[in-house]
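Report on the structure given below.
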Amino acid sequence: MPPPFLKWFAERGWSPRAHQLGLLAQAQAGKSVLLIAPTGAGKTLAGFLPSLTALAQRPRRKAGEAYRGVHTLYISPLKALAVDIERNLGKPVSEMALPVAIETRTGDTPTHKRQRQKLVPPDILLTTPEQLALLLASSDARRFFEDLRYVVLDELHSLVTSKRGHLLALGLARLRKYVPDLQLIGLSATVAEPDDLRRWLVGQNPPGDMAELITVAGGAKPYITILESEERVPWAGHSARYAIPEVYQAIKQHQTTLLFVNTRSQAEMLFQELWRVNEDSLPIALHHGSLDVAQRRRVEKAMETNSLRAIVATSTLDLGIDWGDVDLVVHVGAPKGASRLAQRIGRSNHRMDEPSRAILVPANRFEVLECRAALEANYLGAQDTPPLVDGALDVLAQHVLGCACSAPFDTDELFEEIRAAAPYAGLDRDTFVRVIDFVATGGYSLRSYERYARIRQTREGKWRVTHPRIAQQYRLNVGTIVEAPYLNLRYVRSGKGASARGGPVLGKIEEGFLEQIAPGETFLFAGKVLRLEGIRETEAFVSNATGQDARIPVYAGGKFPLSTYLAEQVRGMLADPERWQALPEQVSDWLRIQRDKSVLPPRESLLVETFPRGNRFYMVAYPFEGRLAHQTLGMLLTRRLERAGADPLGFSATDYSLAVWGLKDMGQLFKAGRPTLGDLFDEDMLGDDLDAWLADSYLLKRTFRNCAIIAGLIERRHPGKEKSGRQVTVSADLIYDVLRSHEPDHILLQATRADAAAGLLDVRRLGEMLSRIRGRIMHRDLQQISPLAVPIMLEIGKERVNGDAGETLLSEAADLIEEAMGEN
Amino acid sequence: MNGLSTISDAKSRDSLTIAGERVVCDQRGVLFFPDISLLAVSDLHLEKGSSFARRGAFLPPYDTAATLARLQQVVADHDPRVVVSLGDSFHDGAGAERLPGMFRQQVEALAAGRDWFWIAGNHDPDAPAGLPGESVRELQIGALSFRHEPSATVVEGEIAGHLHPCARIVQRGRSVRRRCFASDGHRIIMPAFGSFTGSLNVLDRAYTAMFRWERFFAYMLGRDRVFPIARTLLRPG
């Protein structure tokens, strides 16, 4: 380490930590490195030490010396994180008086600064994956990056699991092409499979190559408790209203409390309820992604200066931004995954040697089990970060166009380059050629767009863009984050209706949510009860509705499904009465009664209960595989039961179980073997049944829209460009319908199916479950509902499966008129 | 003579009387006037896919085929003597020139033995090149007038398109949005028929001055029938 660094550490009475020195040594030996460390371990400084020491020793640039490119690139998933790092890194750099220029480049960077950065690049550029893609697509990309030595990737665990990660991996492959000995430094929280990330960091030729690994053991064990309430823990629901008084007491007893929830609507509800009991008028704030940016920044500022006592937040605060001195984390609702819980708890006491304090607040009885399981997992250091998936083809299409925008490319060379990116290591050449064809002319078997090609092969066989306009279009479309259509919420005086104008913007809200609300109805947003006045174009007008009860959005369960690991823990706990002692009495009583009246779901088998209720018959199964997998299973089971003549009417799914109800006694049918439970739950449902159902599913349409936007088939909705009226835009749903009926094997439909299977449908997990329980299904034919079935039965009625639901609803609406007419 | 009384009188939910002329709202998005054997279709937007492709957005090149196939079906079912295409038959002025030969023949076959009218739209102000039929700005038949853009104020007997009306209802917390015929019993604005055409909610400002709203119904397109929905049940968006 060069003298200024040693002096700097010494002056502060510090010494470099072992992992910081270790990482520096590996980097100086020319290696790429993955650093896995808990928050507060000095990860950031460790990541930048190789760059800073190299830059400190670099000879000063003389006047008239040729252009010097960027030396180090830092990439983070959040703009805010890049800004945060600029501040944190600037401090030691100025204290050591290092000749290092550090600048950020994000979507907010003004044009003149971007242009200047291209002419005079900073030594360290802090940016996001999207900005990297944009820089790479410019014609001077090679020059800009040819002096690059290091890429530092922050919060790598959260980057790699998304399509942004795929885009980034492709960008890094490109950088490696310009600078073959480029070194990557990945900074990550603890993950289940470190080797996946190690491979991700280096070129996959030969396949299997891995970066060096440095792991820092966790700090002091967190001190976690589950909230014990005097109140009854509810059977179902997600609000945790029962626990508000105790949560408020906990806030009063601590300096600064961070309250995490899983969804925006939960955050709104909790914030509202806390203020309702806030007799001491403690400064309690709200932070979630839909709020207006200015409002979020105000809250963040207040956090930094320690002027808040509590903040209610969603995942927007998950990542490693350093906010003041939090001494308590309260997690309301089940954490859904052990790793997520560990990360969120890491927010408190941001020094790794002191134990974090956290309280878990289960919202219902199953969540009590889940919290207990998560708690034990955190103590054990178990990890359940999601596995990496293959690189998406829509992202690849975007990247291929970006490459052509930068310089003409050769098919074989680009194929080799892309296969070196870990997510695309398994890409076959045929698929790659189809992606190029898609980029060129849409990839249709009806080859009618040849003359409009966006890229075309030169005589030497290189692909080049046909028109500068194509590069402009690419720049507008870059990135993989496709937001659901959002409307701006504008505050107006009440009674204005849709004729209102102006008014301050409160934030953004999903179009889909507003579609469920009629003008005049109320809902919670930004901690206020608002009345919808009207919607015009892309703006929704709302007014104050203080003193009224909000119509809280129908809450469809957690945003994240229960992790496989936690599910297994919950099953284990259910099956082992010894472990019930750790549970509150009302919960263990509930399990005991279940054991008497039916049976507890065994660890490795599937329990299926059937019983009559009212004039219906019910089947409840307990796979514990998360809501997404259960929804898919529910769809497929109802199809099968319909074929078996059981006349199913609908189903409902939670993270823990699913219920199907119908007109025939399913218990009798199973006993008679028409069908047997083994047949009903056979893995072959993932074949034709899945395909047939998928084809019409709205889930697939939504997925298709995202793929089509990322791949550049349809343009993003740009703010301000929507005013010309909706009738001129092209609806992704209509394109999907036409494409599916005319070219079902089109590459974009292929990408859509892969996406849906991995994400919304959780097909992999469902498949694993079906294979695990084969031959191990336990049937209990009961006379009445069992205790364990109560939570799911309370969910019933919130969802319909009927494929003809749309027609039914229209018919009902039309009938209302007939009734009214009949009386005339 | 208004939409309300027509529905209860006829006990048929898909037909109404406009300017004394009986008309059936076909759930596939066309109007059929049985007494004069006239079929009206609006906003076909043929060759929209290739129109976008010219600008580098490669929508599937199957929209013309899909639209014409559906048109062929409704023409076969109603076997009209007269067909009126209410404008924006092509997505752009050069659309008819780009129309591939097989589709040209398909249109010729459809028009054979019938009177076929192309009404000028804002997307296709000129007569479609080399196709059978007569191109007009407007068409007057008895008390009915057929034009592309609807008149801005309340009128009697006008059949128009252009706005691509759709309607949305919310029942039991679920939203259903469909294309629709918009009518107050005095005029009808037809839904767009083209495969890639978007739509505009009838509660949008664009429609405000056009209807007598107390008598307004959105005839929302269902799979097997249309559903007449009163103004009070409609939602924006």
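All of these numbers come straight from a predicted model, not from anything done at the bench. Every heavy atom of this structure was used, including side-chain atoms; hydrogens, water molecules and symmetry mates were not. Naming convention: chains lettered A, B, ... in sequence-line order (proteins, then strands); numbering from 1 in each chain.
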Exercise. Out of Cys166(B), Gly49(B), Ala65(B), which one racks up the most heavy-atom pairs below 4.5 Å with chain A?
Worked result: Gly49(B)
Problem set entry | Residue selection (most heavy-atom pairs with chain A, distance under 4.5 Å) from Arg98(B), Arg55(B), Met220(B) | Arg55(B)
Which atom of [X] lies closest to which atom of [Y], heavy atoms considered:
X	Y	result
Phe58(B)	Phe438(A)	CD1-O, 4.2 Å
Gly198(B)	Leu734(A)	N-CD1, 4.5 Å
Val738(A)	Asp63(B)	CG1-N, 4.3 Å

Non-hydrogen atoms of chain B under 4.5 Å away: do they reach the side chain of [X], the backbone, both or neither?
X	result
Val465(A)	neither
Ala708(A)	neither
Ala711(A)	neither

For this session: If the plane angle is over 60° it's perpendicular, under 30° parallel, otherwise tilted; pick one for Tyr62(B) and Tyr444(A).
Result: perpendicular
Exercise. If only atom types and distance count, is the side chain of Tyr452(A) paired as donor or acceptor with the main-chain N or O of Ser51(B) below 3.5 Å?
Worked result: no
Problem set entry | Sorted by number, residues from residues 468-475 of chain A in contact with chain B (heavy atoms, under 4.5 Å) | Arg469(A), Gln473(A)
Problem set entry | More than 12 heavy atoms from other groups under 6.0 Å of CZ on Arg70(B) | yes
